[in-house]
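Here's the structure we're looking at; comments come further down.
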Amino acid sequence: MMDFIRFVDRLSTAVGKAFAWLIVALTLHIAWEVLARYLFHRPSAWAFDMQMMYYGIMFMMAGAYTLAKNGHVRGDILYGFLPPRVQAGLDMALYLVFFVPGVTALVWAGWYYAGESIAIREHSSLMADGPPIYPFKVFIPVAGAILLLQGLAEICRCALCLRDGAWPRRADDVEEVDVDKLKEMVHVKDADIAGLDRYAAGQGHRS
C-alpha cells in the first residue's frame, strides 16, 4: 500500500512542479503585454484570455500536488486536537462520501465538456476572433483524474493510520515556515520562550 501511496505522491509532485513553471510564462506574458500596450502601442487582443488560461491550467494541475502535501485549507480548530485514528476515520468518511463522488463527476463531465469543445473547435466568445479554448478545456478531465488518483492514495493513507495509530510520513518538500522546525534550527525550547515571556511581562509591570 505504501508503494502505491509513494508512486501517486511522486506523480502528483512531478505534475505540480512541472506546471508551476506556467507562473513564469504568465509573468513574462503580462510584462510583454504591458510593454506592447504602453511602449509600442500594439496590444494583443488575446492577452486577457491567454492569461486566464495560463492561470487556470496551473491552478487545476496543482490540485493533486497540494493534496499530496496536505496543503489544502481546512477548518481544523477541533480536528487538530483529535487522536490520529479519529482524524483518519473522519478523513476517510469525507473522502468516500464527498470527495470521490464529486471528483468522479468532475472527470466524467469534464470529459464530455472537453470533447464537445474539441468537436466544434471552440474559440473564446469575448471577442470576434478569440483564441481557441478547447486545448484549455482538455486539462479539466486530466486534472480531475490526477486529483482522483491522489484522493485514492489519501484513502490508503487513512487506512494505514487506522491500522497503525499514526499518520504515514509524507515526502519532504518546500513548505511554509514550520515553527517547530525553526525552533530546532536555532536551538530554542518552549521553556526558553516561556521564560522570556515571563521576563517581558515582569519588565512591563515594573515600568
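Index from 1, following the sequence.
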**Prompt:** Any side-chain heavy atom of Ile155 sitting closer than 4.5 Å to one from Leu96?
**Reply:** yes
**Request:** Look at the rings of Phe40 and Trp32 and say which category their plane angle falls in: under 30° parallel, 30 to 60° tilted, over 60° perpendicular.
**Result:** tilted
**Item:** All ring pair (Phe, Tyr, Trp, His ring centres under 6.0 Å) counterparts of Phe139, not counting sequence neighbours
**Value:** Phe19
**Prompt:** Any side-chain heavy atom of Val34 sitting closer than 4.5 Å to one from Leu39?
**Reply:** no
**Message:** Does Ile120 have more than 12 heavy atoms from other residues, nucleotides or ligands lying within 6.0 Å of its CD1?
**Reply:** yes
**Item:** Arg170 with Glu154: basic N within carboxylate O range, under 4.0 Å
**Value:** yes
**Prompt:** Thr13 versus Lys69: any side-chain heavy-atom pair under 4.5 Å?
**Reply:** yes
**Prompt:** Under 4.5 Å between any side-chain heavy atoms of Glu122 and Pro132, yes or no?
**Reply:** no
**Item:** Neighbour count above 12 (heavy atom, 6.0 Å) for Tyr134 OH
**Value:** yes
**Asked** Does atom CZ of Phe4 have more than 12 heavy-atom neighbours, drawn from other residues, nucleotides or ligands, at distances under 6.0 Å?
**Response** yes
**Request:** Measure the spacing between CD of Glu33 and OH of Tyr38 and express it to the nearest 0.5 Å.
**Result:** 9.5 Å
**Item:** Side-chain heavy atoms of Ile5 within contact of Leu160, under 4.5 Å
**Value:** yes
**Message:** Within the 4.5 Å heavy-atom criterion, are Met2 and Pro168 side-chain neighbours or not?
**Reply:** yes
**Item:** From CG (Leu106) to CD1 (Ile140), nearest 0.5 Å
**Value:** 7.5 Å
**Asked** Taking the side chain as C-beta and beyond, is there a heavy-atom pair between Leu67 and Phe99 under 4.5 Å?
**Response** yes
**Request:** Mind checking salt bridge (charged side-chain N to carboxylate O under 4.0 Å, His left out) for Asp49 and listing every partner two or more places apart, or none if nothing turns up?
**Result:** none
**Asked** Going by heavy atoms in the side chains, are Leu82 and Leu78 under 4.5 Å from each other?
**Response** no
**Item:** Sidechain N-carboxylate O distance under 4.0 Å for Asp9, Arg6
**Value:** no
**Asked** Does Trp167 have any ring pair (Phe, Tyr, Trp, His ring centres under 6.0 Å) partners at least two apart in sequence or in another chain, and if so, which?
**Response** none
**Prompt:** More than 12 foreign heavy atoms under 6.0 Å from OH of Tyr95: is that the case here?
**Reply:** yes
**Asked** Does CE in Met58 sit with more than 12 non-hydrogen atoms of other residues, nucleotides or ligands closer than 6.0 Å?
**Response** yes
**Request:** Look up atom CG in Leu22 and atom CG in Leu28, then write down how far apart they are to the nearest 0.5 Å.
**Result:** 11.5 Å
**Request:** Walk me through it: do Lys137 and Tyr113 pass the test side chain to side chain donor-acceptor pair (under 3.5 Å)?
**Result:** CA-CA 7 Å; Lys137 290 187 176 181; Tyr113 190 52; 3.2 Å; yes
